[in-house]
2 protein chains.
Amino acid sequence: MSRPRDAAATRAALLDAATKLFGERGFDRTTVRDIANLAGVNQALLFRYYGSKDALFATVLATQSRELLEDSPAEHLLRTVLLRMLEEKPRREDHPLYAVLRSSHHDSAAEVVRRQLGEEYARALASLTDAEDAELRADLVLAWIVGIGVLRTVFGKQPLAAANSEDVAALVTRAASVLLEHTDVG
Amino acid sequence: MSRPRDAAATRAALLDAATKLFGERGFDRTTVRDIANLAGVNQALLFRYYGSKDALFATVLATQSRELLEDSPAEHLLRTVLLRMLEEKPRREDHPLYAVLRSSHHDSAAEVVRRQLGEEYARALASLTDAEDAELRADLVLAWIVGIGVLRTVFGKQPLAAANSEDVAALVTRAASVLLEHTDVG
DNA sequence: CCCCCATGTAAGCAGTCGCTTACATCCGAC
DNA sequence: GTCGGATGTAAGCGACTGCTTACATGGGGG
């Protein structure tokens, strides 16, 4: 009646369950027992395969970040990330921002944001303008994306949470272009 | 050697300590013992005067929100709130967003954001434009403010975290005006 | 003066947490 | 077949949590 023993499958089930729960509840409100139950696995195995709750969390973030940034040219990055954030039924387990936003105090989470979002998103965005404060402007655009995600998924702020993705994307890209478009002022 | 007994002062000390710690660490990572210690008060008094940790948290949010929104005409609200968020040495205990951002999963926190930020900030912002999707545009501006706060204070994202407040405010208000200024399109 | 209640204190309860340990069970190598 | 390591399980440890209870203490009103 029980499935055959398969360490790889058990590891994967734990990672999937952890990704889902960390994204939904954040680090603190997710217990190792919750993760093991959702994975249908004994909780001692979590420690056998990942060592600690912290290490599992770090693995979740690393895996998600790697997947998200795989392929997206700089010119379309803003729109890609924005639309991903605006999906009608957000699959929280797919976007590292969700886990990060709900675990923002956690060292691993803050580090991932600074490094991954900083060096990837922001650099790509900064390449779109030649203003001397390009990186600051890129940070502001990134802040907007993050803020939209917070209001939509964490706080459920209406009407933003229920708004049409394309409408939102149109408004944001138009205003953001004021920051990112080619400028020749010093 | 001990200060005279004063219930009001004890209540106030607990509220101050809770405001500071909730703003710095969020709800989950702040213990009632931490609060009582910082207030220099026995932890049983926290329950005598506030009933529960939840109720104390709600009191903190209510007090902060009341103070923040006291006096700020709609025309200057964006700039006021933005500059407040951008203060060089942010006094976390002064801005309800800090406690809220670090406790975003908490029912009281999410409710305060939806109601207080929704019905006050957003309505004031929405009054600045006559576009038919005024409220959505106002939400987007609010999202920007929230996102800037997250990147600066939660994640410490550079260069935004160290940027000059006036510079940031100038960039943001200019881009936000694209959303909020008078429009005559349908 | 003294009594009583507001105020403050010490101790601990029941539950949950991350994590460990000791043990069962399965399966491939030989 | 059988042996041994990989895999899975049950139980519980020690620490910490929010909260309660039983008790000490002090100061103002009769």
Please state how far atom [atom1] in [X] lies from atom [atom2] in [N], giving the value in whole angstrom units.
X	N	atom1	atom2	result
A:Leu45	C:dT21	CG	P	16 Å
B:Arg25	D:dT17	CZ	P	10 Å
B:Arg29	D:dC16	CZ	P	14 Å
B:Asp6	D:dG27	CG	C1'	13 Å
A:Arg48	D:dG8	CZ	P	8 Å
A:Leu14	D:dT9	CG	P	11 Å
B:Tyr50	D:dC19	OH	P	15 Å

Measure from the side-chain N and O atoms of [X] to the backbone N and O of [Y], and report whether any donor-acceptor pair falls under 3.5 Å.
X	Y	result
A:Glu166	A:Ala170	no
B:Lys157	A:Ala143	no
B:Asp139	A:Leu160	yes
A:Trp144	B:Val141	no

inquiry  = Strictly below 4.0 Å: does A:Thr10 bring a side-chain N or O up to OP1 or OP2 of D:dG8?
reply    =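 A:Thr10 to D:dG8 OP1/OP2: side-chain N or O found under 4.0 Å.
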inquiry  = A:Asp34: which residues meet the side-chain hydrogen bond (donor to acceptor under 3.5 Å, both in side chains) condition with it, sequence neighbours left out?
reply    =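 Per chain and number, A:Asp34 pairs via side-chain hydrogen bond (donor to acceptor under 3.5 Å, both in side chains) with A:Arg25, A:Thr31.
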task = Could you list the residues that satisfy side chain to side chain contact (heavy atoms under 4.5 Å, CB included) with A:Tyr50, not counting sequence neighbours?
result =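 Partners of A:Tyr50 by the side chain to side chain contact (heavy atoms under 4.5 Å, CB included) criterion, ordered by chain and then number, come out as A:Arg11, A:Leu14, A:Leu15, A:Leu56, A:Thr59.
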request  = Under the side chain to side chain contact (heavy atoms under 4.5 Å, CB included) rule, collect the residues that match up with A:Asp6, sequence neighbours excluded.
outcome  =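 With sequence neighbours excluded, A:Asp6 shows a side chain to side chain contact (heavy atoms under 4.5 Å, CB included) to A:Ala8, A:Ala9, given in chain and number order.
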query = For A:Tyr49, which contact category applies under a 4.0 Å heavy-atom criterion: base, sugar-phosphate, or nothing?
reply =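 Here A:Tyr49 touches the backbone only, sparing every base.
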remark   = Protein-proximity profile, nucleotides 14-20 of chain C, B/S/- by nucleotide at the 4.0 Å heavy-atom cutoff, equals ---BBBB
query = If you measure from CD1 on B:Ile35 to OG1 on B:Thr19, what distance do you get to the nearest 0.5 Å?
reply =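 Rounded to the nearest 0.5 Å, the CD1-OG1 separation comes out at 9.0 Å.
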inquiry  = Tell me which pairs pass salt bridge (charged side-chain N to carboxylate O under 4.0 Å, His left out) where either residue lies in residues 167-177 of chain B, with sequence neighbours left out.
reply    =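 Sorted pair list comes back empty.
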Taking only N/O atoms, report every protein-nucleotides 26-30 of chain C pair under 3.5 Å with atom names and distance.
none

